[in-house]
Amino acid sequence: MATSSALTVSIQHGIDTHKVELGEDWKVKDLRQHIWTSFSIPVDRQKIIYKGKILSDPEATIQSLNFNSKSKLMLIGGAVVLSGEHEKLLLGALVDGFLPQSLHSSAKLDYMKSIRVMNGQCMNMLESLDSIQVSPQDTAFREKKKSLITGINKFLDELDTCTAQLKKL
């Protein structure tokens with residue numbers, strides 16, 4: 001993934017728009033890899049649309065596709081979220097030294113990506129819960145909402161603990 005001069009494009013993913021800096025000599029496969037590392041969306045789960053067409057040729061260059069600073073791409077695809085059990089096993093293997101040293105950096109990177117995705121999902125849930133209007137008389141629903149928010153916050157605390165453990169490794 002060589003970079004000559006930089007080119008900034010907009011990538012629409014869901015309701016979010018991201019400004020992404022690309023090398024002009026990048027190929028579609030380089031863009032896909034950048035999306036994988038930046039948004040935690042695996043290459044095989046990405047659909048990138050530009051000017052109404054899916055970018056399917058991984059060897060096509062950004063220049064050959066006529067990208068410019070006003071280019072807008074649409075990204076369809078979701079991040080892979082691993083189960084909590086997988087996360088615990090992976091972290092345990094790292095912390096307890098059961099994972100070979102040669103796999104540490106990639107495992108840490110994968111784990112940090114998963115944490116970032118789960119963190120974002122939790123924040124989205126909290127925003128959604130916050131937007132729900134509840135009448136003052138509906139105490140049962142208020143309590144359930146409060147309990148759910150508390151649970152999500154506890155989970156976020158656990159993610160912070162996992163992140164701190166990983167940084168120590």
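Only a predicted model underlies this, so the values are computations on that prediction, with no experimental measurement involved. Position 1 is the first residue of the sequence; numbering continues from there.
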Review item, side-chain donor-acceptor pairs of residues 122-134, under 3.5 Å, at least two apart:
residue : atom : partner : partner atom : Å
Asn124  : ND2  : Gly120  : O            : 3.4
Ser128  : OG   : Asn124  : O            : 3.1
Ser131  : OG   : Ser128  : O            : 2.7

Identify every side-chain donor-acceptor pair in residues 64-75 under 3.5 Å, counting partners at least two apart or on other chains, and give the distances.
residue : atom : partner : partner atom : Å
Ser64   : OG   : Thr61   : N            : 3.2
Ser64   : OG   : Thr61   : O            : 2.8
Ser64   : OG   : Thr61   : OG1          : 3.1
Asn68   : OD1  : Lys70   : N            : 2.7
Asn68   : OD1  : Ser71   : N            : 3.2
Ser71   : OG   : Tyr50   : OH           : 3.1
Ser71   : OG   : Asn68   : N            : 2.7
Ser71   : OG   : Asn68   : O            : 3.1

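Listed by chain and number, the residues in a side chain to side chain contact (heavy atoms under 4.5 Å, CB included) with Lys47 are Ile54, Ile76 (sequence neighbours excluded). By the side chain to side chain contact (heavy atoms under 4.5 Å, CB included) test, Thr17 is found to be paired with Ser10, Gln12, residues two or more places apart in sequence or in another chain being considered. Lys167 pairs by the side-chain hydrogen bond (donor to acceptor under 3.5 Å, both in side chains) definition with nothing, not counting sequence neighbours. When the side-chain hydrogen bond (donor to acceptor under 3.5 Å, both in side chains) test is applied to Thr150, no partner is found at least two apart in sequence or on another chain. Here Glu21 pairs with Ala6, Thr8 under the side chain to side chain contact (heavy atoms under 4.5 Å, CB included) rule; sequence neighbours left out. Annotation: side-chain hydrogen bond (donor to acceptor under 3.5 Å, both in side chains) contacts of Lys29 (sequence neighbours excluded): Glu59.
Atom CG of Asp30 is separated from atom CG of Leu22 by 9.5 Å, given to the nearest 0.5 angstrom. Between the CD atom of Gln165 and the OH atom of Tyr111 there is a distance of 7.5 Å, given to the nearest 0.5 Å. Ser147 contributes atom OG, which lies 8.5 Å from atom CD of Glu143 (distance to the nearest 0.5 angstrom). Note: Gln63 CD to Leu7 CG = 9.0 Å, rounded to the nearest 0.5 Å.
Using a 4.5 Å heavy-atom threshold, the side chains of Asp57 and Val28 count as separate. Counting heavy atoms from C-beta on, the side chains of Lys113 and Leu109 come closer than 4.5 Å. Using a 4.5 Å heavy-atom cutoff, the side chains of Phe141 and Ser135 are not in contact. With contacts defined as side-chain heavy-atom distances shorter than 4.5 Å, the pair Ser38/Val20 does not qualify. Here the side chains of Ile115 and Leu166 are in contact, with some heavy-atom distance below 4.5 Å.
Judged by distance alone, with hydrogens and angles left aside, the side-chain atoms of Thr163 form a donor-acceptor pair with the main-chain N or O of Leu159 at under 3.5 Å. His13 contributes a side-chain N or O that, together with a main-chain N or O of Gly77, makes up a donor-acceptor pair within less than 3.5 Å. Panel note: side chain Gln46, backbone Ile35; no donor-acceptor pair is recorded below 3.5 Å.
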Quiz prompt | From CA spacing to verdict: side chain to side chain contact (heavy atoms under 4.5 Å, CB included), Leu156, Asn119 | solution = CA-CA 7 Å; Leu156 286 169; Asn119 218 322; 3.0 Å; yes
Exercise. Give the intermediate values and the outcome of side chain to side chain contact (heavy atoms under 4.5 Å, CB included) for residues Arg32 and Ile48.
Key: CA-CA 8 Å; Arg32 289 184 181 282; Ile48 305 169; 3.8 Å; yes
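Remark: aromatic rings of His18 and Phe39 are close, center separation under 6.0 Å.
Criterion: ILVMFWY side-chain heavy atoms under 4.5 Å apart, direct or through other members. Under it, Phe155 and Leu148 are part of a common hydrophobic cluster.
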